[in-house]
Amino acid sequence: MVTAEQLYEKLKNIRTGNPVCQFTREHCDRLLPTIKKIEDLKREKNAVILVHNYVAPEIFYSVADYTGDSYGLSKKAKESHADVIVFSAVRFMAETAKILNPEKTVLDPNPNGGCSLADGITAADVTRLREKFPDHTFVCYINTTAAVKAQCDVCVTSSNVYAIIEKIPNDKIYFLPDRLMGENVINHLKVRGVNKDIQLWDGTCYVHEEYQPESIDQVRKNFAGVEILVHPECSPSVVDKADYVGSTSQMLSHVRESRRDSFFLLTECGLSGVLQSEFPEKTFAGSCTLCKYMKSNSLEDILSVLENPSPHHVITLNPEIQSRALHCVNQMFNYSN
Ligand code: 13P
Ligand code: SF4
């Protein structure tokens, strides 16, 4: 189990918005009793805790068994031997863990785990679209409900969307629900000389759609040598001006390998916190926009679902939806291999 000193070492370089607001050693001391109870329950119930890169750093650096992006965490869920999986992120990620592990108990501790992308399209919408586009392969972003995945052919994440859509043998693709990511795929394939008919649903991530290319121009003017990293949920006008486009974990790996020492990130600001902690010698600037859904996770709620989960916290899926959604998610693993 992490000690208060170790936790403070991980948190002390993270700026929580205002530069004068930082984690203190006393705050870490106060978190320890809750962390200890969670660790005891994990052992007792043979549970693992998966934590997304955007989740609050006091969770990320204390009780997480695995941290990562949506692809990495799905892989961990698929490989897990635990009886119970607690998924500290948002609902669609916990649902994906259940799709992959129908026999395990999957708990979602987040009382507000929506996502503007996943909430923006229903299974009935996809059924209607399939009638309209019968020859298209339906590719869904992982940011969708299990019911939507069950209506689609192949699932993708931000770390593999470009490569998988290029590999799919059909030239007719319907990509949903992220319109901006879809436009980025179209531009990427054009540059690679790949010509596909790609139809798009009009969903967006309410965090990433806000970023504007002018902020990149401003940063380049003021900070010579800065490297610009953006998430593929940003608009093409932002992606066009970036030095690197990738998933949250890909951005982390990129910073680890980069020779530069200052970075500007356009993604949810939880990732900047992780990077500040991992690379204290490097400088990170960027948006401080929060995803209200990811930031609804708390240590108290993780403790509470392990102690006594309410039905709302236990992921249950209709078996037919689960098995059809599993086929869609497994197609992603097949294409990734
Ligand atoms: P990653 O898969 O890159 O972690 O992204 C998930 C997400 O919801 C980004 O907003
Ligand atoms: Fe969904 Fe955007 Fe939040 Fe990611 S950052 S979980 S895409 S609302």
Side-chain angles (χ1 to χ4, degrees), residues 50-57 59-60 64 66-78 87-97 100 108-121 139-145 148-149 155-164 175-185 201-211 229-235 238-239 242 244-255 265-275 286-297 329 332-333 336:
L50 309 188
V51 178
H52 186 264
N53 291 326
Y54 288 159
V55 169
I59 301 175
F60 188 95
Y66 301 105
T67 57
D69 63 7
S70 48
Y71 181 75
L73 292 177
S74 300
K75 264 188 93 179
K76 289 293 173 197
K78 185 174 155 74
F87 214 124
S88 180
V90 285
R91 192 76 173 186
F92 74 80
M93 293 194 192
E95 272 195 2
T96 307
L100 291 161
D108 174 9
N110 188 342
N112 180 28
C115 164
S116 64
L117 284 168
D119 298 340
I121 186 164
V139 180
C140 61
Y141 190 26
I142 197 166
N143 296 38
T144 43
T145 62
V148 165
K149 288 185 179 79
C155 178
V156 294
T157 74
S158 54
S159 65
N160 54 34
V161 55
Y162 294 172
I164 291 182
F175 178 66
L176 58 91
D178 191 340
R179 174 175 52 81
L180 298 176
M181 183 177 279
E183 289 170 359
N184 289 323
V185 172
W201 181 256
D202 191 14
T204 51
C205 161
Y206 86 104
V207 175
H208 290 86
E209 73 174 340
E210 289 302 316
Y211 303 137
L229 278 54
V230 307
H231 196 275
E233 289 171 10
C234 295
S235 73
V238 166
V239 166
Y244 183 79
V245 188
S247 77
T248 53
S249 289
Q250 287 172 330
M251 285 192 246
L252 218 154
S253 306
H254 183 81
V255 169
L265 278 100
L266 286 178
T267 192
E268 208 266 0
C269 88
L271 187 67
S272 309
V274 174
L275 292 169
S287 78
C288 205
T289 34
L290 301 173
C291 170
K292 63 183 173 186
Y293 306 112
M294 287 285 188
K295 289 298 184 282
S296 304
N297 284 276
V329 176
M332 169 174 77
F333 290 117
S336 301

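Whatever order the structure lists ligands and atoms in, that order sets their numbers, starting from 1. Positions are given from 1, in the same order as the sequence printed here.
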### Query
Of all the atoms in ligand 2, which lie at a distance below 4.0 Å from a heavy atom belonging to S116?
8 (S)
### Task
With heavy atoms of Y206 as the reference, note each atom of ligand 2 found under 4.0 Å away.
8 (S)
### Message
I'd like to know if E233 contacts ligand 2, where contact means a heavy-atom distance under 4.0 Å to any ligand atom.
### Response
yes
### Message
Would the distance check show the side chain of N110 and the main-chain N or O of A89 forming a donor-acceptor pair, the cut-off being under 3.5 Å?
### Response
yes
### atom 8 (O) of ligand 1: nearest protein contact (heavy atom, Å)
N143 ND2, 3.2 Å
### Query
Which protein non-hydrogen atom lies closest to atom 5 (O) of ligand 1, naming both residue and atom, and how far is it?
H231 NE2, 3.3 Å
### K149 side-chain N/O to I142 backbone N/O, donor-acceptor pair under 3.5 Å
yes
### Message
Contact between ligand 1 and M251 is defined here as a heavy atom of the residue under 4.0 Å from a ligand atom; is it met?
### Response
no
### Task
For residues L117 and T204, report the shortest heavy-atom separation together with the two atoms involved.
CD2-C, 3.4 Å
#### Entry: Protein contact to atom 3 (Fe) of ligand 2 [nearest heavy atom, distance to 0.1 Å]
C291 SG, 2.4 Å
### Query
Heavy atom under 4.0 Å from ligand 1: found in Q250's side chain, backbone, both, or neither?
neither
#### Entry: Donor-acceptor pair between T157 and S159 side chains, under 3.5 angstrom
yes
### Non-hydrogen atoms of S249 and N53 that approach each other most closely
OG-ND2, 3.1 Å
#### Entry: N/O separation below 3.5 Å, T248 to ligand 1
yes
### Interfacing atoms of ligand 1 (cut-off 4.0 Å, heavy-atom, S247)
3 (O)
### Message
Against ligand 1, does H52 come closer than 4.0 Å with any heavy atom?
### Response
yes
### Query
Would F333 and Y71 count as a close aromatic pair, with their ring centres under 6.0 Å?
yes
### Query
Which heavy atom of G113 sits nearest a heavy atom of V90, and at what distance?
O-CB, 3.4 Å
### Task
Would you kindly say whether Y211 and T289 are connected by a side-chain donor-acceptor distance under 3.5 Å?
yes
### Task
May I ask you to list the atoms of ligand 2 that are less than 4.0 angstrom from any heavy atom of L117?
7 (S)
### Query
What is the minimum heavy-atom distance between T267 and H231, and which atoms define it?
OG1-CB, 3.8 Å
### Task
Using a 4.0 Å heavy-atom cut-off, say whether T157 meets ligand 1 through its side chain, its backbone, both or neither.
neither
### Message
Go through it in stages, so that I can follow the logic: the residues are H52 and T67, the test is side-chain contact (heavy atoms from CB on, under 4.5 Å), and I'd like the CA-CA distance, side-chain angles, deciding distance and then a yes or no.
### Response
CA-CA 6 Å; H52 186 264; T67 57; over 6 Å; no
### Message
Heavy-atom pairs closer than 4.0 Å: do any link ligand 1 to the side chain of S158, the backbone, both, or neither?
### Response
side chain
### Task
Look at C115 and state whether any of its N, O or S atoms is less than 2.8 Å from atom 1 (Fe) of ligand 2.
yes
### Query
What is the minimum heavy-atom distance between K292 and N112, and which atoms define it?
O-ND2, 4.0 Å
### Task
Starting from atom 7 (C) of ligand 1, find the nearest protein heavy-atom neighbour and note its residue, name and distance.
E233 OE2, 3.6 Å
### Message
Tell me the closest heavy-atom pair linking L73 and L50, and the distance in Å.
### Response
O-CD1, 3.7 Å
### Protein contact to atom 2 (O) of ligand 1 [nearest heavy atom, distance to 0.1 Å]
S70 OG, 2.5 Å
### Message
Starting from atom 2 (Fe) of ligand 2, what is the nearest protein heavy atom, named by residue and atom, and what distance separates them?
### Response
C205 SG, 2.3 Å
### Message
With a heavy-atom distance limit of 4.0 Å, tell me whether N53 approaches ligand 1 through its side chain, its backbone, both, or neither.
### Response
neither
